[in-house]
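Written out below as structure tokens is the structure these notes cover.
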Amino acid sequence: EAITVQELAKRMGERGADLVKALFKMGTPVTITETIDQDTAELLITEFGHRINRVSESDVDIQAETDVDAEDTLKVRPPVVTIMGHVDHGKTSLLDAIRGASVVSGEAGGITQHMGAYQVSLPDKSKVTFLDTPGHEAFTEMRARGANVTDIVVLVVAADDGLKPQTIEAINHTKAAGVPMIVAINKIDKPDAKPQKVREELLQHEIIVEDMGGDVQDVEVSALKKTNLDKLLEAITLQAEILELKANPDRAAEGAVVEAKLDKGRGPLATVLIQRGTLRVGDVIVVGAASGKVRAMIDDHGRQVKEAGPSFPVEVLGLGAVPSAGDQLTVVENEARAREVAAYRQGVLDKKRTTSAPVSLENMFADRASTTIEFPLVIKADVQGSVEAIVSAVNKISTDEIRVRVLQSGVGAITESDVTLAASTGAPIIGFNVRPNAKAREAAQRNKVEFRYYDVIYHLTDWVRGAMAGELGPEI
Ligand code: GDP
């Protein structure tokens, strides 16, 4: 899992000397013939504005800008939506109601087996993909594995019950992911429904709905009476338009596993959400540490399909083993290569299992109960790739005594809502190639929130490291 600086430079198409210089600044003084570990390599690659394609150890495909699909290859893709909220607030009912409505509106096939994700067609023929794994555990689990598949979160809050612990958890998870949210105020058919109270409670968590002058869409619905489902779908479509969700369908497929199981008759089954490219029957694939050849694909209506494009969920048959949710699917040239990559990933997995516990809700609660000090941060950057690189880099700085907690991260200028969120916890706001807008600056002055601006990741991480050390006080 180590690579020489020389080799890395060659693959990146950069001068070795420039890499050595950058490494020196990162506090890793090495010569060109020495090796660096994968984490350092990744940081460096991101630093130089390249994209990493973690395919295998022997071939960490580092593709320069070329691996980012050219603008003119991008086509609009359906949004991928996850529904979250407190237990019994109606997540399942809402999913069923939306799906039922869509089926009734003339789609062939009808509801079939549960497969973890499905698509609904809207009257204008556009589509929305729902992940049928409600709950922030699945959401966080997937994210922990690097699969950021959700474009939009629908937060369900029962109007007769208001914000509950899991609602607040869901809000935090969504914020941490930098995913936009739509609030579905459910059960408005109930006589004791108090939708306005829900809006007010949301304010305390810096969720300002449109009705209250903010920019978070809210829709009053009843999953039971099927009221305003069309309005909720409209809100999703609108949010999707704002996000300008696009992907290149004309390339080898990449996707993420949403759910997987072993079927007695058919062997390992994985529901995969295609993220870019098109997956076809016959493609040789690696999914996590499993490999195989796509024998058949089944859509959410139980129909066999020959190909699946971006945002399309399909059940894939033909894998040699059962992968895990969040695993990445990659198409490779041939089966020998597939086995090689799968074996490498298995090695990485075994190592991870022994070194770190998986992220689960229980762990998170346990963490909170312990005496670890938290160092909160809000991070904004100019592009999503930087956001992810920074969040991952700062998270790595955490120690047993003090851990980084990214309250919010996202793409774009620093806004007033970033400031309110930061002010509530005394967090500084880091802008990577972005600045605050006027309102945010005013709010920061009022609330004494600190801004830090960077354009080089390791300068940023250096500062965080220093600030965290300051927080802990002198070494005992
Ligand atoms: P989940 O735990 O969030 O998935 O919640 P469920 O969908 O299982 O719903 C919990 C309970 O609330 C069930 O008894 C539903 O019938 C009921 N419920 C869900 N939506 C509505 C609604 O819009 N109105 C009313 N009155 N009850 C609802």
Checking [X] now: which residues fulfil salt bridge (Lys or Arg N to Asp or Glu O under 4.0 Å) with it, not counting sequence neighbours?
X      : value
Asp263 : Arg266
Lys187 : none
Asp18  : Arg15

- Message: Donor-acceptor check, side chain of Ser386 to backbone of Ala381, threshold 3.5 angstrom: yes or no?
- Response: no
[X] versus [Y], closest heavy-atom pair with distance:
X      : Y      : result
Ala256 : Val149 : CB-CG1, 3.5 Å
Lys127 : Ser121 : NZ-OG, 3.1 Å
Ala184 : Leu232 : CB-CD1, 4.3 Å
Asp327 : Pro323 : OD2-CB, 3.5 Å
Ala296 : Val281 : CA-CG2, 4.3 Å
Lys380 : Val411 : CE-O, 4.0 Å

[atom1]-[atom2] distance between [X] and [Y], expressed to the nearest 0.5 angstrom:
X      : Y      : atom1 : atom2 : value
Thr461 : Ile397 : OG1   : CD1   : 5.0 Å
Leu279 : Ile274 : CG    : CD1   : 4.5 Å
Leu377 : Phe375 : CG    : CZ    : 5.0 Å
His459 : Phe432 : NE2   : CZ    : 10.5 Å
Leu407 : Ile379 : CG    : CD1   : 9.5 Å
Lys164 : His86  : NZ    : NE2   : 6.5 Å

By side-chain hydrogen bond (donor to acceptor under 3.5 Å, both in side chains) - contacts of [X] (at least two apart):
X      : answer
Ser126 : Asp124
Thr271 : none
Glu34  : Thr31

Side-chain contact, heavy-atom cut-off 4.5 Å: [X] with [Y]?
X      : Y      : value
Gln119 : Pro313 : yes
Val156 : Met84  : no
Val157 : Val183 : yes
Ile285 : Lys293 : no
Arg99  : Tyr118 : yes
Ile390 : Ile430 : no
Val128 : Pro78  : no
Ile152 : Ile236 : yes

- Item | Residues Val153, Val81; criterion side-chain contact (heavy atoms from CB on, under 4.5 Å); working and verdict | CA-CA 6 Å; Val153 165; Val81 178; over 6 Å; no
- With sequence neighbours left out, which residue pairs that include part of residues 379-406 fulfil the ring-ring contact (aromatic ring centres under 6.0 Å, His included) condition? none
- Flag the pair Asp96 and Lys91 as a salt bridge only when some basic side-chain nitrogen lies within less than 4.0 angstrom of an acidic carboxylate oxygen. no
- Message: Under the side-chain contact (heavy atoms from CB on, under 4.5 Å) test against Thr82, which residue among Val154, Thr150, Asp151, Val179 passes?
- Response: Thr150
- Message: Which residue in the set Ile98, Asp230, Asn228 passes side-chain contact (heavy atoms from CB on, under 4.5 Å) when paired with Val221?
- Response: Asn228
- Verify side chain to side chain donor-acceptor pair (under 3.5 Å) between Asp418 and Thr415, making sure each step is shown before the conclusion. CA-CA 5 Å; Asp418 294 325; Thr415 64; 3.3 Å; yes
Using the side-chain contact (heavy atoms from CB on, under 4.5 Å) criterion, which residues pair with [X]? Sequence neighbours excluded.
X      : answer
Ala223 : Ser93, Leu94, Asn186
Asp455 : Asn433
Val322 : Ala260, Leu262, Pro268
Arg280 : Thr278, Asp283, Glu307

- Query: When you look at Leu44 and Leu23, which way does the side-chain contact (heavy atoms from CB on, under 4.5 Å) test go after all the steps?
  - Reply: CA-CA 8 Å; Leu44 201 61; Leu23 282 162; 3.9 Å; yes
Report yes or no: do [X] and [Y] form a side-chain donor-acceptor pair below 3.5 Å?
X      : Y      : answer
Gln328 : Gln275 : yes
Arg77  : Ser311 : yes
Asp37  : Thr40  : yes

Which side-chain N or O atoms in residues 239-249 pair as donor and acceptor under 3.5 Å with protein atoms at least two apart or in another chain?
residue, atom, partner, partner atom, Å
Asn248, OD1, Asp250, N, 2.8
Asn248, ND2, Asp69, OD1, 3.1

- Within 6.0 Å of NZ in Lys396, more than 12 heavy atoms from elsewhere: yes
- Message: Working note: Thr4 + Thr33, criterion side-chain contact (heavy atoms from CB on, under 4.5 Å); need CA distance, chi angles, decisive distance, verdict.
- Response: CA-CA 6 Å; Thr4 67; Thr33 52; over 6 Å; no
- Evaluate side-chain contact (heavy atoms from CB on, under 4.5 Å) for Ile207 paired with Lys175, printing each intermediate quantity in order. CA-CA 10 Å; Ile207 305 288; Lys175 280 183 176 174; 4.1 Å; yes
